[in-house]
Amino acid sequence: MIESQSGSKSTNLSDTRFYKKQRRIALRLCGIIDPEQIDEYIGYDGYEALGRALTEMKPCDVIDILKKSGLRGRGGAGFPTGLKWEFAAKAAGEQKYVCCNADEGDPGAFMDRSILEGDPHSVIEAMTIAAYAIGADQGYIYVRAEYPLAVKRLEIAIGKAKEYGLLGENIFDSGFNFNLEIRLGAGAFVCGEETALMTSIEGNRGEPRPRPPFPAVKGLFKSPTVLNNVETYANIPQIIKNGPEWFASMGTETSKGTKVFALGGNVTNVGLVEVPMGTTLREIVDEIGGGVPGGKKFKAAQTGGPSGGCIPSKHFDVPIDYEQLAAIGSMMGSGGLIVMDEDSCMVDIAKYFLGFTVEESCGKCNPCRIGTKRLCEMLEKITSGKGEDDDIEKLESLCRHIMSSSLCALGQTAPNPVISTLTFFKDEYIAHIKDKKCPAGVCKDLLSYTINEKCIGCTICAKNCPADAITGAVKTMHKIDQSKCIKCNVCFEKCKFGAIDKG
């Protein structure tokens, strides 16, 4: 608590409810420095890690530090970063590349954008360190064109780094050269997949390639390539500067350090949250996020975006790390965390995420192009009241086929929202199929509105009904003509007496 000369008191930002449990590494300087002023970044020890790597370490020493730190990729599956760099360093090839995946496509995710807009030099410094470690002299940052401010600040940062001799020829008089360029993506979700991203950088249609060979052996332009996402890179200068033991002291035994989440949905405090691995979902939602607003109950949280899964309330105290999330049918992904309250329909949620995947499929392989479309059609049938008794079995079977036979991770993980909601909320699927009811009152085709005895004949519902489906005289109980009702929910929202039943 800080007291001013006038006697007024203010709380230090780090002591507020939202920040108290956070530990900021990747977001360390976001909102602290002017991202367009390289001197401010340098004032916070910026480029010290690069200088130390180039003048005091061998490339293998840098890789060894990354391996000891336990840093895992923050963009999806969590592959060990040091191990990936080691593979690329040992791969044969005269030309090698370093790439950054800033093609952030998950609904509700804005972690990478915030780092690029708030601290672009941390990514540039880390990519230069990576280039030194594997023997590369060229790098590319693949960023969404929909992030114009991030692109602008990256361009400024790259220009200033070159001006200061921190990019280009003979960096720190070490004889090491590294150049960095920006490539703009056109908003295709599939280009977040590493091989599709590299194909796009090469100037071709962004479609995935079969693996193996993996990019560390044969990646961009068929050369050994390291590809990490923005958040992964943002951790690296601090690991080099503070040592691997410092980073490994945070998190869990198998998931070290911190993780940035884009907390959104039905939660009081939304925004970017960076917490040590192993922090529970309850701590993030209730203690940092301020809980579910309006006195509603927490129902589930979707992690990992369209490729992830729903975590139900019975797992509210699960420590969030790579293994724990995988064990309950979800995944870390890039870090989207969308909270849902008791009014959410989990069948509709699965349909929403699957619909997104259908639209974003590149169409290269049949299981993803056709399979996800059929899966989405089945969910549409169920939510429209046309579900049949064997639909659940068909859903499960189709999910297994898509996961086992799709070409890339987009298709292989597309069924996850369906599988996780079937696992934890199968009763809702049954209610939609057998009872033709949506327990949450979300699916429009399964709703019916009726007026109960609480009606005092105020006529508010009738006056606001856009379909003229409500009739009745003043001070008499009204009625709803079901043949005219368009289920717009206006009567339910306008009634002040609880006289409208929805179900």
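What you see is a predicted model; the values in this text were computed from it and never measured. Along the sequence shown, residues are numbered consecutively beginning with 1.
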Per-pair distances, 0.1 Å, donor-acceptor, side chain in residues 154-167, under 3.5 Å, sequence neighbours excluded:
residue: Tyr164; atom: OH; partner: Asp39; partner atom: OD1; Å: 2.8
residue: Tyr164; atom: OH; partner: Asp39; partner atom: OD2; Å: 3.3

Residue pairs, two or more places apart or on separate chains, that pass ring pair (Phe, Tyr, Trp, His ring centres under 6.0 Å) and touch residues 298-324: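 For residues 298-324, and leaving out neighbouring residues, the ring pair (Phe, Tyr, Trp, His ring centres under 6.0 Å) pairs sorted by first residue read Phe298-Phe316, His315-Phe424.
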
Salt bridge (Lys or Arg N to Asp or Glu O under 4.0 Å) partners for [X], two or more places apart:
| X | value |
| --- | --- |
| Glu94 | none |
| Glu125 | none |
| Lys299 | Glu428 |
| Glu274 | none |

Stepwise, does the salt bridge (charged side-chain N to carboxylate O under 4.0 Å, His left out) test hold for Glu36 with Arg153? CA-CA 6 Å; Glu36 298 184 11; Arg153 289 181 172 170; 3.4 Å; yes

[Y] side chain reached by [X] side chain, heavy atoms, under 4.5 Å:
| X | Y | answer |
| --- | --- | --- |
| Arg374 | Leu398 | yes |
| Trp85 | Asn228 | yes |
| Phe353 | Ile338 | yes |
| Met277 | Arg72 | no |
| Ile134 | Pro224 | no |
| Cys310 | Ile349 | yes |
| Leu410 | Thr357 | yes |
| Asp61 | Lys58 | yes |

Will you find, in the side chains of Lys351 and Thr383, an N or O donor that is under 3.5 Å from an N or O acceptor?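 Checked: Lys351/Thr383 side chains pair up, N/O donor to acceptor below 3.5 Å.
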
Without hydrogens or angle criteria, can the side chains of Thr128 and Tyr47 be said to hold a donor-acceptor pair below 3.5 Å?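 The criterion, which ignores hydrogens and geometry beyond distance, is not satisfied for Tyr47 and Thr128.
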
Given side-chain contact (heavy atoms from CB on, under 4.5 Å), test Phe87 with Phe214 step by step and report yes or no. CA-CA 10 Å; Phe87 289 155; Phe214 291 95; over 6 Å; no

Would the distance check show the side chain of [X] and the main-chain N or O of [Y] forming a donor-acceptor pair, the cut-off being under 3.5 Å?
| X | Y | result |
| --- | --- | --- |
| Glu193 | Val190 | no |
| Asn266 | Asp341 | yes |
| Ser200 | Leu197 | no |

Can you list the residues that meet the ring pair (Phe, Tyr, Trp, His ring centres under 6.0 Å) rule with Phe110, with sequence neighbours excluded?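 Not a single residue meets the ring pair (Phe, Tyr, Trp, His ring centres under 6.0 Å) criterion with Phe110.
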
Indicate the ring-plane relationship of Tyr132 and Phe176, choosing parallel, tilted or perpendicular according to the 30° and 60° boundaries.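 Rings of Tyr132 and Phe176: perpendicular, as their planes differ by over 60°.
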
What residue pairs, at least two apart or across chains, pass salt bridge (charged side-chain N to carboxylate O under 4.0 Å, His left out) with a residue in [range]?
| range | answer |
| --- | --- |
| residues 242-255 | none |
| residues 132-149 | Asp103-Arg144, Arg144-Glu146 |
| residues 196-209 | Glu202-Arg209, Arg205-Glu207 |

For [X], look at atom [atom1] and say whether over 12 heavy atoms of other residues, nucleotides or ligands are found less than 6.0 Å away.
| X | atom1 | result |
| --- | --- | --- |
| Lys68 | NZ | no |
| Lys152 | NZ | no |
| Lys381 | NZ | yes |

Check the pair Glu48 / Arg52 against salt bridge (charged side-chain N to carboxylate O under 4.0 Å, His left out), numbers first and verdict last. CA-CA 6 Å; Glu48 179 184 321; Arg52 190 179 297 180; 2.7 Å; yes

Quick one: pull up [atom1] in [X] and [atom2] in [Y] and give me the separation to the nearest 0.5 Å.
| X | Y | atom1 | atom2 | value |
| --- | --- | --- | --- | --- |
| Lys259 | Asn235 | NZ | CG | 9.0 Å |
| Ser307 | Asp106 | OG | CG | 6.5 Å |
| Ile402 | Leu375 | CD1 | CG | 4.5 Å |
| Phe261 | Met332 | CZ | CE | 5.0 Å |
| Cys399 | Leu422 | SG | CG | 6.5 Å |
| Asp391 | Leu395 | CG | CG | 6.5 Å |

Listing, residues 25-32 side-chain donor-acceptor contacts under 3.5 Å, not counting sequence neighbours, or none:
residue: Arg28; atom: NH2; partner: Tyr44; partner atom: O; Å: 3.4

Who pairs with Asn242 by side chain to side chain donor-acceptor pair (under 3.5 Å), at least two apart in sequence or on another chain?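 Result, side chain to side chain donor-acceptor pair (under 3.5 Å) vs Asn242: Gln238.
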
